[in-house]
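This is a predicted model, so every value here is computed, not measured. Chain letters run A, B, ... following the sequence lines, proteins first and then strands; every chain starts at 1.
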Number of protein chains: 2
Amino acid sequence: MSRPADRTRKSQVVAERLLERMRSGQYAIGTRLPSERELAAEFKVSRNAIREALQVLQLSGHVDTRLGDGSFVSEPHLDGGFDDDAGLLAGISITESLDIREAVELSSALLACRRATRSDLLKLQAVVVELEEHLEQHDYKAYLLATLDLHMIIAAASHSPYLIKMVTELTDRHRDDQWLLHEQYTPDIAAFSLEVHRDLANAIVDKDQLAVIDSNTRHYEDYPVLHHQD
Amino acid sequence: MSRPADRTRKSQVVAERLLERMRSGQYAIGTRLPSERELAAEFKVSRNAIREALQVLQLSGHVDTRLGDGSFVSEPHLDGGFDDDAGLLAGISITESLDIREAVELSSALLACRRATRSDLLKLQAVVVELEEHLEQHDYKAYLLATLDLHMIIAAASHSPYLIKMVTELTDRHRDDQWLLHEQYTPDIAAFSLEVHRDLANAIVDKDQLAVIDSNTRHYEDYPVLHHQD
DNA sequence: CAGTGGTCTAGACCACGGC
DNA sequence: CCGTGGTCTAGACCACTGT
């Protein structure tokens, strides 16, 4: 129920393939899907995995299942239900987004502190190495993009769907600005940035919440000139 | 998932019996439940039925399950509402609501830590006094509503329009359910709740970010056994 | 009636967390 | 390392629905 252990669940794969067929018209609206046992045989999975896939599609409103009868492709529900790409940040101004970003990234870093798995920490350390490499080669553009990756990895390590979605939207919103910044970069600015990001990663690895707060504060406050800098 | 065909599902029976044990104190708050395999043996059902029962209790906020560790009796969720409506929270599933609450309230408390004005802090302290008064008079209903006020004041003190909006929606969503919860209150549960909220308020007044994290953690996650010291 | 979904079982393997 | 939860399997029985 909680974290899928990074592996994509079979029910998810099946659900997506069924969705494709519904969208392509192979399964027309209103028609009955093959029985669960038939689908299980076709996809070479257990009936249980098929049932979980169908439950996902039921919750999202794509399928209507009737006991003793079968599962049917339901009408495309206008607007309604799912497709959560509405965007949590709709209607939020750019000026607000920095505030939000500061708070959200601090929260995700702190949660990551408690919830990060071993693989999360390995990814974190790998990105730090990547940051160092980009800086050695003075590739500031690649460096800046990698810092965004770092924040995404931290969000993922928090294992909070809400925070992951928020950080994704925030970094997407800032990604376009990033490439503009690399021209402002000087060696000492870059060095400071690397230090802050490395400290943040290390704080999470060490599970040191106080250090997380400290590095996050430096990230956003002690460097007012480049307030948009990542 | 749909209709149990009129027969009560084993997972429901198990869930209710586990709830009884939690309420009776046989499973104290914060302690770890027997492993799924042990419960399966004890109740003479398959591990699958146990897992479904635990999932029900997770969704209702009574149990916190951690991968590779175990399932733990969670703090009686002071604000346990479900059923999502419109607004920023549209499309957010029930399973995510606890994560969101934890993340959002941590974010707002930390921002409040840095940005609260004098008048914010005064309001904060006033509400804590109000909480104490309600508890002295054993008016749990008023107490619970006041805790919502406290979270709203903290959000206001963060001076982030986004966070204010989020917390407003979350508390509105739960306000109607609050009066149901006060009947579950016992003096020691109330005492612990007061302690957590007072610590949170004091941490903000003292601008002690680490203490904010600590009290927020106690509010949502681990609930050490020290609770029964009263 | 035959076929469907709803539920349950016993067993297996994996990734993760704590020791 | 071991025990834990997360996932998947193959098979079984039941209750329901359509004809």
Side-chain angles (χ1 to χ4, degrees), chain A residues 1-15 18 30-59 63-74 111-124 156-159 161 204-205 207, chain B residues 1-15 18 31-59 63-74 95 221-222:
Chain A
M1 194 81 202
S2 295
R3 290 178 279 288
D6 266 359
R7 214 164 106 268
T8 35
R9 317 206 298 170
K10 295 201 176 181
S11 57
Q12 274 301 332
V13 177
V14 171
L18 290 178
T31 59
R32 192 174 64 190
L33 296 180
S35 77
E36 296 179 350
R37 290 167 179 82
E38 287 172 353
L39 289 173
E42 178 189 347
F43 285 107
K44 301 271 206 305
V45 298
S46 73
R47 195 185 146 207
N48 221 322
I50 297 292
R51 286 181 57 60
E52 285 173 13
L54 288 177
Q55 283 175 23
V56 169
L57 296 178
Q58 287 165 36
L59 289 180
V63 150
D64 176 27
T65 293
R66 306 171 205 161
L67 193 158
D69 195 357
S71 290
F72 299 79
V73 182
S74 51
L111 269 188
C113 233
R114 297 207 292 273
R115 299 184 180 175
T117 66
R118 287 210 221 320
S119 64
D120 291 329
L121 298 182
L122 288 178
K123 290 177 198 165
L124 215 53
S158 77
H159 296 281
I204 293 173
V205 172
K207 303 194 187 306
Chain B
M1 195 86 194
S2 297
R3 280 169 292 288
D6 264 0
R7 218 166 99 267
T8 34
R9 317 206 298 171
K10 296 200 176 181
S11 57
Q12 272 302 331
V13 176
V14 171
L18 289 178
T31 58
R32 192 174 62 189
L33 297 180
S35 77
E36 295 178 350
R37 290 166 178 85
E38 286 172 352
L39 288 173
E42 178 189 344
F43 285 107
K44 300 273 206 303
V45 298
S46 73
R47 195 184 147 208
N48 221 322
I50 297 293
R51 284 182 57 69
E52 284 172 12
L54 288 177
Q55 283 175 22
V56 169
L57 295 178
Q58 287 166 36
L59 289 181
V63 152
D64 176 27
T65 294
R66 308 176 203 158
L67 194 160
D69 194 359
S71 290
F72 297 78
V73 182
S74 53
T95 55
E221 285 198 348
D222 285 317

Distance, rounded to the nearest Å, where [X] contributes [atom1] and [N] contributes [atom2]:
X	N	atom1	atom2	value
B:Arg66	C:dG18	CZ	C1'	12 Å
A:Arg37	D:dG11	CZ	P	12 Å
B:Glu52	C:dT7	CD	P	8 Å
A:Asp64	C:dT4	CG	P	17 Å
B:Gln12	C:dC8	CD	C1'	15 Å
B:Lys10	C:dT9	NZ	C1'	9 Å
A:Arg47	C:dC8	CZ	P	13 Å
A:Leu54	C:dG5	CG	C1'	10 Å

Give a yes/no on whether any side-chain N or O of A:Ser46 is located under 4.0 angstrom from OP1 or OP2 of D:dC8.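 Checking A:Ser46 against D:dC8: no side-chain N or O falls below 4.0 Å of OP1 or OP2.
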Would you say A:Arg51 places a side-chain N or O within less than 4.0 Å of OP1 or OP2 belonging to C:dG6?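 Yes, because at least one side-chain N or O of A:Arg51 sits under 4.0 Å from OP1 or OP2 of C:dG6.
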Nearest to side-chain heavy atoms of A:Thr65, which nucleotide of D:dC8, C:dG17, C:dG5: C:dG5
Heavy atoms from C-beta onward define the side chain here; which of D:dA10, C:dC16, D:dC16 lies closest to that of A:Leu67?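 So the nucleotide nearest the side chain must be D:dC16.
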Provide the closest heavy-atom pair for B:Ser11 versus B:Ala49 in the form atom of the first, atom of the second, distance.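 Of all heavy-atom pairs spanning B:Ser11 and B:Ala49, the closest is CB-O, 3.6 Å.
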Which heavy atom of B:Leu54 sits nearest to which heavy atom of B:Ser71, and what is that distance?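 The pair with the smallest heavy-atom distance is CD1-OG, 3.9 Å.
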Of A:Asn48 and A:Ser71, whose closest DNA chain C nucleotide lies nearer the 5' terminus?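 Result: A:Ser71.
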Show your reasoning for whether side-chain contact (heavy atoms from CB on, under 4.5 Å) applies to B:Val45 and B:Val13. CA-CA 11 Å; B:Val45 298; B:Val13 176; over 6 Å; no
Using the rule given for side-chain contact (heavy atoms from CB on, under 4.5 Å), can you reason through A:Glu52 versus A:Val14, listing the C-alpha separation, both sets of side-chain angles and the distance that settles it, and then say yes or no? CA-CA 9 Å; A:Glu52 285 173 13; A:Val14 171; over 6 Å; no
Both A:Gly68 and A:Val45 contact DNA chain D. Taking the nearest nucleotide for each, which residue is further toward the 5' end? A:Val45
Check whether any side-chain heavy atom of A:Asp120 lies under 4.5 Å from a side-chain heavy atom of A:Ile204, and answer yes or no.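 No, every pair of side-chain atoms sits at 4.5 Å or beyond.
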